[in-house]
Participant: 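I'd like to ask you about the structure that follows.
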Amino acid sequence: MYITSLTLQELREEVRQIGWEPYRADQILNWIYKRFVFDFEQMTNLSKEQRAFLKDNYLIHSLDLLNVVEGGDSKKFLFRTKDGHILETVLIHERDHLTICVSSQIGCAVGCTFCATAKDGLIRNLRAEEIIDQFLQVQSLTKERIRNVVFMGMGEPLANYENVRKAVEIMVSPWGLDLSKRRVSISTSGLINQLKRMAQDKLMKELNLAVSINAPSQNLRESLMPLSKTNTLEELLEVLYGFPYPPDRRIMIEYVLIHGVNDTVDHAKELARLLKKGRKKFKVNLIPFNPDPELPYRRPPMENVYRFQKVLWEEGISTFIRISKGPEIFGACGQLRSKRFVLR
Ligand code: SF4
């Protein structure tokens, strides 16, 4: 069993059943999540017998690190699961902090036409310990503490709700990685039922929320994001307007700009009309598309990007441009997988 699949409560119960005092669970998790010690032998406040028992019966790492690719201000980590799937994690050096971008699924069922991950369909959900292990292994190779997590790698995190939720619990609990809830972001393609579930969930509703819109109209959105047929733009916006954030908190609207598809001034005006009611509830992130040889789309020239931003600003909508940190390795949700050929 993976110790990293358990919450403190669950591990206390586990050690109680072995006949140990419950505080042993606290000690073990302290080694893992506070000191990043992953070898039971080094957990010196446990007895020799206890360490041997842990070694024989439990595991910490659920992923094998295959490769690290450096590019610009980012590093991409390629991992292999124990059943042989490849997944990717990106560490991004921002101005004064580090952000880790984790994957939540192998492949993705959502099927966005501009996304390399979608090509594989969904292979499987990642388990909580596989999400946590991305953080642990990257942190152990990084001097500075990682304080920000974005669920923006491969997969749709809200389609893997239970595992993502458990990983988040480990990330934000004082006995776990102890990250601030405001520094953990869920990036979703807009699964309406799951967003409603998130809105009711004491733990999840306090996280940052980023929602991919990518088009200002139902028709265009359906052509880029087939899930939009059943998760319509109108219904999605209704759910977002009702999302229980305090007044000072904003939902991030993600918009991947694709040249000749959704990047014109008319698209910007239509988007501004669509979001006008939510000016105080939303901010917009414009993400110039990261070209991929396997996809028929192009990145817009920067003048289109600035023009698009200006239209939104003029309508009073806070709008930022997110230029990928090292475009060769980092993209929007799902574009991470586009460089999987590095392993072949
Ligand atoms: S962009 Fe995100 S949600 Fe859409 S198919 Fe790719 S991984 Fe899935």
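What you see is a predicted model, and the numbers here were worked out from it, not measured in a lab. Start at 1 and go down the list; that is how both ligands and their atoms are numbered. Values below: all heavy atoms of this structure, side chains included; hydrogens, waters and symmetry mates excluded.
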Participant: Under the 6.0 Å and 45° cation-pi test, does K205 pair with Y245?
Facilitator: no
Participant: Hey, which atoms in ligand 1 end up nearer than 4.0 Å to a heavy atom of A118?
Facilitator: 5 (S)
Participant: Hey, is there an N, O or S on C115 sitting under 2.8 Å from atom 6 (Fe) of ligand 1?
Facilitator: yes
Participant: Do the two ring centres, one from H61 and one from F38, sit under 6.0 Å apart?
Facilitator: yes
Participant: Are a donor atom and an acceptor atom from the side chains of S5 and R127 found within less than 3.5 Å of each other?
Facilitator: no
Participant: At under 4.0 Å between heavy atoms, which part of S189 makes contact with ligand 1: side chain, backbone, both or neither?
Facilitator: side chain
Participant: Looking at G111, which atoms of ligand 1 are within less than 4.0 Å of one of its heavy atoms?
Facilitator: 5 (S)
Participant: Ring centres of Y33 and F135 under 6.0 Å apart?
Facilitator: no
Participant: Is the charged tip of R35 near the ring of W31: under 6.0 Å from the six-membered ring centre and within 45° of its axis?
Facilitator: yes
Participant: With heavy-atom distances below 4.0 Å as the criterion, list the atoms of ligand 1 near C108.
Facilitator: 3 (S), 5 (S), 7 (S), 8 (Fe)
